[in-house]
Amino acid sequence: MRRSSHGPGPGPVRGFSLLEVVVAFSILALAMGVLMALFSQGLSNARVARDYSRALQLAQSRLAEVGVTSPLRSGAEDGVSGGLAWRVEAVERPREGKSPVRAYEVTVEVEADAGRRVTLRSLRLVGSGR
């Protein structure tokens, strides 16, 4: 009579030993830890990118308004919009010779979350008749 390998008795027994199960669970736990760290880092990077994008949009918007919504002149203005602090500064550059055109260096700085800053600079030209 033949014995089944699945039944009781002195025949071959299939299965995993306790040591093999512990090693498998340890490897699984390490792999899950690494995956969770990567996922967490990815979420953090996505949040930073979103905040930077918001700050950049605000800076571009403020820069586009300079000289359009009000006359361009030297000075500074600051405020808060959408939870982001911003500052716009315009400085007149010295004229070369008898040029009828005035040049202003415009700097827009927006402070994003976590102390990151977005700074945009532009040179704006204004005719003397304006």
Side-chain angles (χ1 to χ4, degrees):
M1 182 177 214
R2 264 177 142 190
R3 290 191 181 221
S4 167
S5 63
H6 299 291
V13 178
R14 295 183 182 219
F16 297 105
S17 71
L18 181 60
L19 180 61
E20 290 170 329
V21 171
V22 168
V23 168
F25 274 123
S26 298
I27 292 171
L28 179 65
L30 286 172
M32 291 299 290
V34 168
L35 287 175
M36 292 302 290
L38 289 174
F39 183 70
S40 174
Q41 185 66 37
L43 286 177
S44 176
N45 288 344
R47 185 175 54 248
V48 167
R50 183 197 66 214
D51 294 343
Y52 180 78
S53 179
R54 284 184 53 226
L56 185 59
Q57 284 179 333
L58 178 61
Q60 288 173 334
S61 174
R62 291 292 168 189
L63 187 60
E65 289 177 358
V66 172
V68 175
T69 58
S70 61
L72 186 58
R73 60 180 177 268
S74 292
E77 181 183 359
D78 56 358
V80 176
S81 180
L84 299 173
W86 55 268
R87 179 175 176 80
V88 177
E89 185 175 4
V91 177
E92 187 173 3
R93 306 276 307 240
R95 290 188 193 189
E96 301 261 338
K98 295 185 179 190
S99 174
V101 177
R102 291 178 298 167
Y104 288 88
E105 183 178 349
V106 180
T107 303
V108 178
E109 190 172 270
V110 177
E111 186 169 339
D113 296 336
R116 291 180 174 85
R117 291 179 188 233
V118 174
T119 304
L120 300 179
R121 286 192 176 86
S122 179
L123 191 62
R124 298 290 171 96
L125 302 176
V126 178
S128 61
R130 198 166 168 196

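Keep in mind that what you see is a predicted model, and the values were worked out from it rather than measured. Hydrogens, waters and symmetry mates are skipped; everything else that's a heavy atom, side chains included, is used.
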Item to complete: Tell me, please, which residues at least two apart from Arg93 pass salt bridge (Lys or Arg N to Asp or Glu O under 4.0 Å).
Response: Glu105

Worksheet entry | Contacts of Glu111 that satisfy salt bridge (Lys or Arg N to Asp or Glu O under 4.0 Å) - sequence neighbours left out | Arg117

Practice prompt. Mind checking side chain to side chain contact (heavy atoms under 4.5 Å, CB included) for Ala76 and listing every partner two or more places apart, or none if nothing turns up?
Written response: Arg87, Glu89

Fill in: Heavy-atom check, side chain of Leu72 versus side chain of Arg102, under 4.5 Å
no

Considering only distance and modelled atom types, tabulate donor-acceptor pairs under 3.5 Å from the side chains of residues 52-61, sequence neighbours left out.
from: Arg54; atom 1: NH2; to: Gly82; atom 2: O; distance (Å): 2.5

Discussion item. Among residues at least two apart in sequence or on other chains, which ones pass side chain to side chain donor-acceptor pair (under 3.5 Å) with Glu92?
Written reply: none

Discussion item. Checking one residue: Ile27. Which other hydrophobic residues are in its cluster under the side-chain 4.5 Å linking rule?
Written reply: Leu19, Val23

Item to complete: Kindly write out the residues that satisfy side chain to side chain contact (heavy atoms under 4.5 Å, CB included) with Val22, not counting sequence neighbours, or none if the list is empty.
Response: Leu18, Ser26

Practice prompt. Apply side chain to side chain contact (heavy atoms under 4.5 Å, CB included) to Gln41 and list each qualifying residue two or more places apart in sequence or on a separate chain.
Written response: Asn45

Discussion item. Under 4.5 Å side-chain heavy-atom separation, chaining through any Ile, Leu, Val, Met, Phe, Trp or Tyr, what else clusters with Leu30? Say none if it is isolated.
Written reply: none

Worksheet entry | With Leu28 via side chain to side chain contact (heavy atoms under 4.5 Å, CB included) - residues at least two apart | Phe25, Met32

Discussion item. Could you list the cluster mates of Phe39? Members are the ILVMFWY residues connected by side-chain heavy atoms closer than 4.5 Å, either directly or through other members.
Written reply: Leu43

Discussion item. I need the full list of salt bridge (Lys or Arg N to Asp or Glu O under 4.0 Å) pairs touching residues 21-44, with sequence neighbours left out, sorted by first then second residue.
Written reply: none

